[in-house]
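The structure appears below as structure tokens.
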Number of protein chains: 2
Amino acid sequence: MSAIARRRERERAQRHQLIITAARELAEAEGWEAVTTRRLAEHVEYSQPVLYSHFNGKDAILRAVAIEGFGELAARLRRARLAAPEPSEAPSGAPSGALHAVCRAYLDFATERPALYQAMFVLPTDVKFAHAETPPPLRAAFDEFVSCFRSDNPRRELFAEVTWSALHGIAALADSGRIPPNGQTERLDFIVTQIAGTSSGPATR
Amino acid sequence: MSAIARRRERERAQRHQLIITAARELAEAEGWEAVTTRRLAEHVEYSQPVLYSHFNGKDAILRAVAIEGFGELAARLRRARLAAPEPSEAPSGAPSGALHAVCRAYLDFATERPALYQAMFVLPTDVKFAHAETPPPLRAAFDEFVSCFRSDNPRRELFAEVTWSALHGIAALADSGRIPPNGQTERLDFIVTQIAGTSSGPATR
DNA sequence: TATGAAAACTAGCGGCGCTAGAAAAGGCGG
DNA sequence: CCGCCTTTTCTAGCGCCGCTAGTTTTCATA
């Protein structure tokens, strides 16, 4: 490949990222309903059709933003888990510090980047979850939850799934104004206590 | 008021309801993105501007559908709770049959009427939750969850809020394809067990 | 410097939410 | 029974949307 072609490819990749970033910033500033192809094109200072040479359509741009978000979320959860006071293999029955830290990190992420969170978990998407084609960052984020439970727990995947779902519930309802945003810490503590609390042992029910 | 005016008002109210029902049916059949004012007008066999003589805009129609949904959800939860084997004032610490029944009814509702559920809990809305102007049916639905916990539990509102949120989490993620739809029963059992399980007593933590 | 492929643009299609102004409907006094 | 006049309903159109066909511009190469 010639040097010229290399430069062009480099510039193209930069512009690709520029579009994703612009979409994300526009959404974070004014909400996703304000992200139109026209406004986005103006933001990146190119004409509308250029967007379509990078992405199949608006949905594909949204999808790219979401996947970028999964990467950031996974990194954030991982950092929180590793910084937690105790190792993830805590004695059964005791509330895990790692679990609490990861859950709080998740909620902080949802609160600080509501539009990004929406792209990832609320807006319609064709991103495959829990599937062979699941983007690795998404899988990685999920695994951070799994790692908060003892590896000899046969139901740790279920634990992780429900923990995630419960957090998503309070994050989504709070973001859309359906529950007051103030009680989040209380709700977080409650969820962690209940899930890590009892019956984390092998034979529940 | 003259008989003629009365008849007109009656017919108007019927058409009002017709619009709400048509919107709901169209959404349930093809999803909310297919509910446009043009298609809706065609469905009710009137021209577009007639919609605007009944509602301030598309958002108001959506809102009306959601509120209708709250009423149905409240009725359904209530029926489930009253039909549950044990009364809501079960001995502390034991899993409440009422709680389980109400939670299952909630999930069934979300599964059977996904579009209605979306209007109520996912799509952007200006309906006031946990507020003075909260529509009574919505408040009633929430109270069904509250009633599943002992009245001497000072944190029963928190219990209800988090239970609802957790259910919403699994309902929303399952509906949007973000968690497999098959595990819902397992997740439901897990949530109910964990929430009703321990520490339902007075001094938790 | 002329050429031809690649890149970027202008312009436009059909559909959206919404509304102004024309047309039709229908109860009312003569 | 008729002509009036309010109320109701419709036609037509505005600015915006996602998206694309076809033209113009750019620019490395011969």
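Letters go in sequence order (proteins before strands), and every chain restarts at 1.
- The base of D:dC19 sits within donor-acceptor range of the side chain of A:Q48, with an N or O pair under 3.5 Å.
- A:R10 has its CZ atom 15 Å from the P atom of C:dA7, to the nearest Å.
- Of the side-chain N and O atoms in B:S47, none sit less than 4.0 angstrom from OP1 or OP2 of D:dT9.
- Summarising the geometry, the separation between CG on A:L62 and C1' on D:dG18 is reported as 13 Å, rounded to the nearest angstrom.
- In this structure, CG of A:L51 is placed 12 Å from P of D:dT20, rounded to the nearest angstrom.
- Computed from coordinates, the A:H54 NE2 to C:dC9 P distance equals 11 Å when rounded to whole Å.
- Near DNA chain C, meaning a heavy atom under 4.0 Å from it, residues 14-35 of chain B has B:V35 in order of number.
- One finds no side-chain N or O of B:T37 lying less than 4.0 angstrom from the OP1 or OP2 phosphate oxygen of C:dC18.
- One finds no salt bridge joining B:K128 and B:E133 here, because no Lys/Arg side-chain nitrogen approaches an Asp/Glu carboxylate oxygen to under 4.0 Å.
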For residues 67-75 of chain B, tabulate all N or O donor-acceptor pairs below 3.5 Å that involve a side-chain atom, not counting sequence neighbours.
residue, atom, partner, partner atom, Å
B:E68, OE1, B:Q17, NE2, 2.8
B:E68, OE2, B:R24, NH1, 2.9
B:E72, OE1, B:R24, NH2, 3.0
B:E72, OE2, B:R24, NH1, 2.7
B:E72, OE2, B:R24, NH2, 3.4

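- For CZ of A:R78, the number of neighbouring non-hydrogen atoms (other residues, nucleotides, ligands) closer than 6.0 Å is 12 at most.
- A salt bridge links B:E30 with B:R39: the distance from a Lys NZ or Arg NE/NH1/NH2 to an Asp or Glu carboxylate oxygen falls below 4.0 Å.
- Here the C1' atom of nucleotide D:dG18 and the CZ atom of A:R39 are 16 Å apart, to the nearest Å.
- Of the possible donor and acceptor atoms, none in the side chain of B:R63 sits under 3.5 Å from a partner among the backbone N and O of B:T125.
- In the helix from C:dT1-D:dA30 to C:dG30-D:dC1, the terminal helix axes, each the rotation mapping four pairs' C1' atoms onto the next four within five end pairs, subtend 30°, rounded to 10°.
- Side-chain atoms of B:R113 do not come within 3.5 Å of backbone N or O of B:E28 as any donor-acceptor pair.
- Comparing B:V50 and A:T36 by the nucleotide of DNA chain D whose heavy atom lies nearest to each, the residue mapping closer to the 5' end is B:V50.
- Ring pair A:F159/B:F190: centre-to-centre distance below 6.0 Å.
- The interatomic distance linking A:E11 (CD) with C:dA8 (P) rounds to 9 Å, in whole Å.
- Salt bridge status for B:E11 with B:R7: present, with a side-chain N to carboxylate O gap under 4.0 Å.
- If you measure from atom CZ of A:R8 to atom P of D:dC27, you get 8 Å, rounded to the nearest angstrom.
- When each of C:dA8, C:dG27, D:dT11 is scored by its nearest atom to the side-chain atoms of B:R7, the top-ranked nucleotide is C:dG27.
- With hydrogens and angles left out, the side chain of B:R38 and the base of C:dG17 share a donor-acceptor pair within 3.5 Å.
- Around atom CD of A:E112, more than 12 heavy atoms belonging to other residues, nucleotides or ligands sit under 6.0 Å away.
- We find that OH of B:Y46 is positioned 22 Å from P of C:dA23, with the value rounded to whole Å.
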